[in-house]
Amino acid sequence: MAWHKIPCSRRELQLLGTLNGGQSFRWEYNKETDVWTGIFSKTVWKLRQDDENLQYQVMGSLLNKASKSGSDMFQNLLENYFRLNYKLSDYYKKWSEKDELFEKACKQFYGIRMLYQEPVENLFSFICSQNNHISRISTMVEKLCKHYGEKICEFDGVTYFSFPDVDKLKQPQIESELRNLGFGYRAKFIQKSAAQIVEWGGRQWFKSLQEMKYKDARLELMKLCGIGPKVADCICLMSLNHLEALPVDTHVYQIAAQNYLPHLKGKKNVTEKMYSEIGDHFRMLYGDMAGWAHTVLFCADLKKFQQNDEQLSEGEKPKKKRKK
DNA sequence: AGCCTACCTGGGTC
DNA sequence: AGACCCAGGTAGG
């Protein structure tokens, strides 16, 4: 099958950091072929890049291709997903000028894009994320798709599923089923939130959140069971186009205390007051797209990328930094 | 309003 | 092996 091409340099888009940086949990990288396989918009994609292009293949889709000429539609979906209309190097330049730490981080972590994701997948993925490891989050998201999504297609012996609709997840028996699948206490949050979302209007409700001011959308989201300040910010930032939203998790807290707000060092957990202090600090620093900027720092802080870095630069045993 | 703590589970570490 | 600890937090006290 032929690869379609979209002009886009590696400086503008780095697939590794963008797809494997904890924004979406549905992308897999094949080292041998240098190809990413993943799912969004009920479509299975293969992606790769050369120095000048992002390349893609559509492996299967449940979307109605008759509506537009097929290739155009898929290209639009992809450009939208990666927000290719934003010229990233301009923003990197701006953020670098404002912040030394960013300037340092962006040398290795160039081309980190904020994906424009679907709210339903985003919301339930991040309910799973609380107090959890990225590896287990990925497993849980795949379980949701396999058990409650639709089959999209099959190739190389693997079956690919779409992310389930809220109507599926709101069913009462879901809670006990998810408990049995190892979701722990998140099982209840998933079922209850799904029911609330349907009750409040589903798609239309998400649309209204997108049109609201960031702070209002955040408060609305926090009415859902299992969604607190941090996950609400993830959803605002990643699927509701509120790019000033800035999720403060353990990583971001560490970065902030270490580099900007030393009086916050050594706290056991992040209180709501600290939470907004940290968010506001980054917003003051980077401006109205602070959430995107902070994601670059977040990537730089992820352990898997640091280990990559050490292997590449040293080829020696990784020195582990110990905190006391 | 602001600070505790229990909570499911499994991967990592010693 | 087995006991910790910890992970992109949140609800309920």
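- One donor-acceptor pair, N or O on each side, does fall under 3.5 Å between the base of B:dC8 and the side chain of A:Asn131.
- Nearest to the side chain of A:Tyr185, among C:dA11, C:dG8, B:dC8, sits B:dC8.
- Residue A:Leu181 contributes atom CG, which lies 13 Å from atom C1' of B:dC8 at whole-angstrom precision.
- The two residues A:Cys153 and A:Val44 have their closest heavy-atom pair at SG-CG2, 3.7 Å.
- Side-chain atoms of A:Gln130 lie closest to C:dG9 of the nucleotides C:dG9, B:dG11, C:dG8.
- Partner assigned to B:dC8 is none, using Watson-Crick or G-U wobble distances below 3.5 angstrom.
- At a threshold of 4.0 angstrom between heavy atoms, the contacts of A:Arg186 include nucleobase atoms, whether or not backbone atoms are also involved.
- With a cut-off of 3.5 Å on both pairing distances, C:dG8 has no Watson-Crick or G-U wobble partner at all.
- When the side-chain nitrogen and oxygen atoms of A:His251 are compared with OP1 and OP2 of C:dG8, one or more of them lie within a distance under 4.0 Å.
- When heavy atoms are screened at a 4.0 angstrom cut-off, A:Gly22 is found touching base atoms of the nucleic acid.
- Among the protein residues, A:Val270 comes within range of no part of the nucleic acid, since none of its heavy atoms lies under 4.0 Å from any strand.
- Nearest nucleotide to the A:Pro229 side chain, out of B:dC8, C:dT10, C:dG8: C:dT10.
- Ranked by how close their nearest DNA chain C nucleotide is to the 5' end, A:Ser129 and A:Ile227 are led by A:Ser129.
- Remark: aromatic rings of A:Phe40 and A:Tyr81 are close, center separation under 6.0 Å.
- Taking the ring centroids of A:Tyr92 and A:Phe102, they lie under the 6.0 Å cut-off.
- A:Thr271 has a side-chain polar atom (N or O) that falls below the 4.0 Å cut-off from OP1 or OP2 of B:dC3.
- In this structure, A:Met222 atom CE and C:dG9 atom P are separated by 15 Å, rounded to whole Å.
- Regarding A:Lys267, its NZ atom lies at a distance of 14 Å from the P atom of B:dG2, rounded to whole Å.
- In the displayed structure, A:Glu28 atom CD is contacted under 6.0 Å by at most 12 heavy atoms of other residues, nucleotides or ligands.
- Contact of A:Lys230 with C:dG9 (side chain to base): no donor-acceptor pair of N or O atoms is detected under 3.5 Å.
- Here A:Gly184 lies in heavy-atom contact (under 4.0 Å) with a base.
- Using a 4.0 Å heavy-atom distance criterion, A:Leu224 is classed as a sugar-phosphate-only contact.
- Within 4.0 Å of A:Ile137, counting heavy atoms only, lies no atom of the nucleic acid at all.
- Nucleotide B:dG10 holds its P atom 9 Å from the CE atom of A:Met140, rounded to whole Å.
- As a whole-Å value, the separation of A:Asn269 CG from C:dC6 P is 13 Å.
- The gap from the C1' atom of C:dA11 to that of B:dG10 amounts to 23 Å, rounded to the nearest Å.
- Ring planes of A:Phe189 and A:Tyr185: perpendicular class, angle over 60° (limits at 30 and 60°).
- Remark: side-chain polar atoms of A:Gln14 are paired, donor with acceptor, to backbone N or O of A:Tyr110 under 3.5 angstrom.
- Judged by atom type and distance alone, A:Tyr253 does not reach the base of C:dG8 through any side-chain donor-acceptor pair under 3.5 Å.
- Spacing between C:dG8 and B:dT5 at atom P, rounded to whole Å, works out to 23 Å.
- Comparing B:dG11 with C:dT10, their P atoms are spaced 23 Å from each other, to the whole Å.
- In this model, the phosphate group of B:dC8 is approached by a side-chain N or O of A:Arg179 to a distance below 4.0 Å at OP1 or OP2.
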